Amino acid sequence: MSEETRARDEICRVGASLFDRGLTAGASGNISVRLADGGWLMTPTNVSMGALDPARLSRFDATGRLVSGDAPTKEAFLHFSMYGERKDAAAVVHLHSSHATAVSILRDVDPQDVLPALTAYYVMRVGRLPLVPYFAPGDPDLAHAVRALASRHHAVLLANHGPVVAGTSLANAQFATEELEETAKLFLMLQNHALRTLTPEQVSDLRRRFNLT
């Protein structure tokens, strides 16, 4: 089985898993994978991630030109913004998942780091999560805003929209996105409760132990 065939199958498998567990609804959300030849595979526009066809995924060449498959997601520019700044990125997952999107709508979060360090696994998989200001869907300024943060953060939260997460593999991008969603859920559950978050020293220890940037 070729690398591209494996990537096509994995995108569809991950998309179905996310959809079946309610992490994406309707035709929302999108996934991409960088291929060894420098091109990309991406989920098409107006297709449920629960019903992806490996043969119809959007295929881009190394210049970002669509060469085969269906028309790509309208949010392809979010993926290319991440890849352009993160040479280690092998995959990007973007969801409109309920809890992360709910947090992105809260008024008083810290835009430099939206979620507190509630668990070690959040620190390990996500780290710091900046909030990208709101832009209308398709606005090219949204791409510029994501690109400005992508070199320093592999995960960002789009205001009133949802998370965009890059990973060194599709599995890593998926797991980080799911950890972000679970932490957002915990954060919302704990509203109006006194929190015992990880201390700065504990966070620094995790970063040192696991070589986190």
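Below, each value reflects all heavy atoms present in this structure, side chains not excepted, and no hydrogens, waters or symmetry copies. Since we're looking at a predicted model, the values are computed, not measured.
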List the steps and the verdict of side-chain contact (heavy atoms from CB on, under 4.5 Å) for Tyr122 and Leu129. CA-CA 10 Å; Tyr122 175 76; Leu129 182 69; 3.4 Å; yes
Assess whether side-chain contact (heavy atoms from CB on, under 4.5 Å) is satisfied between Leu18 and Glu178, documenting all intermediate values. CA-CA 9 Å; Leu18 294 170; Glu178 292 178 1; 3.6 Å; yes
Glu3 and Arg6: salt bridge (Lys or Arg N to Asp or Glu O under 4.0 Å), yes or no, with the steps? CA-CA 5 Å; Glu3 176 226 9; Arg6 285 194 300 270; over 6 Å; no
For a side-chain contact (heavy atoms from CB on, under 4.5 Å) check, start with the C-alpha distance between Val132 and Val164, then their side-chain angles and the critical distance, and finish with the verdict. CA-CA 10 Å; Val132 178; Val164 181; over 6 Å; no
Residues Leu170, Val93; criterion side-chain contact (heavy atoms from CB on, under 4.5 Å); working and verdict: CA-CA 8 Å; Leu170 180 50; Val93 174; 3.9 Å; yes
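Looking only at side-chain heavy atoms (C-beta outward), Leu57 and Met42 stay at 4.5 Å or farther from each other. Looking only at side-chain heavy atoms (C-beta outward), Thr5 and Pro54 stay at 4.5 Å or farther from each other. For the pair Leu78 and Val92, the minimum side-chain heavy-atom distance is 4.5 Å or more. Residues Gln174 and Ile31 form no side-chain contact, since every pair of their non-hydrogen atoms from C-beta on lies 4.5 Å or further apart. Looking at heavy atoms from C-beta onward, Leu106 lies in side-chain contact with Leu188 at the 4.5 angstrom threshold.
Considering all non-hydrogen atoms of both residues, Asp141 and Phe135 come closest at CB-CE2, 3.4 Å. Residue Thr24 comes nearest to Ser28 through the heavy atom pair OG1-O, 2.6 Å, listed as atom of the first residue, atom of the second, then distance. Here the shortest heavy-atom pairing between Pro116 and Thr183 reads O-CG2, 4.4 Å.
Contact check on Glu181 versus Lys185 returns no salt bridge, with no Lys/Arg side-chain nitrogen under 4.0 Å from an Asp/Glu carboxylate oxygen. Contact check on Arg209 versus Asp205 returns a salt bridge, with a Lys/Arg side-chain nitrogen under 4.0 Å from an Asp/Glu carboxylate oxygen.
Note that CD of Glu85 is 10.0 Å distant from CZ of Arg152, once rounded to the nearest 0.5 Å. Taking CD1 of Ile11 as the start and CG of Asp53 as the end, the distance is 12.0 Å to the nearest 0.5 Å. Interatomic distance, Leu186 CG to Leu115 CG, rounded to the nearest 0.5 Å: 9.5 Å. Thr168 contributes atom OG1, which lies 7.0 Å from atom CG of Asp88 (distance to the nearest 0.5 angstrom).
Note on residues 23-39: pairs passing salt bridge (Lys or Arg N to Asp or Glu O under 4.0 Å), not counting sequence neighbours, are Asp37-Arg59.
Remark: side-chain polar atoms of Ser17 are not paired, donor with acceptor, to backbone N or O of Val14 under 3.5 angstrom. Counting only distance, with no hydrogens or angles, the side chain of Arg125 and the backbone of Tyr121 share no donor-acceptor pair below 3.5 Å. Listed for the Arg86 side chain is a donor-acceptor partner under 3.5 Å among the backbone atoms of Ala150. Between the side chain of Ser48 and the backbone N or O of Ala27 there is no donor-acceptor pair closer than 3.5 Å. Counting only distance, with no hydrogens or angles, the side chain of Asp70 and the backbone of Ser58 share no donor-acceptor pair below 3.5 Å.
Listed by chain and number, the residues in a ring pair (Phe, Tyr, Trp, His ring centres under 6.0 Å) with His94 are His96, His161 (sequence neighbours excluded). A search for side-chain hydrogen bond (donor to acceptor under 3.5 Å, both in side chains) contacts involving Arg65 returns Asp61, not counting sequence neighbours.
Counting heavy-atom neighbours within 6.0 Å of Arg147 CZ, excluding the residue itself, gives a total above 12.
Between Phe80 and Phe60, the ring planes lie perpendicular to each other; the angle is over 60°, past the 30° to 60° tilted range.
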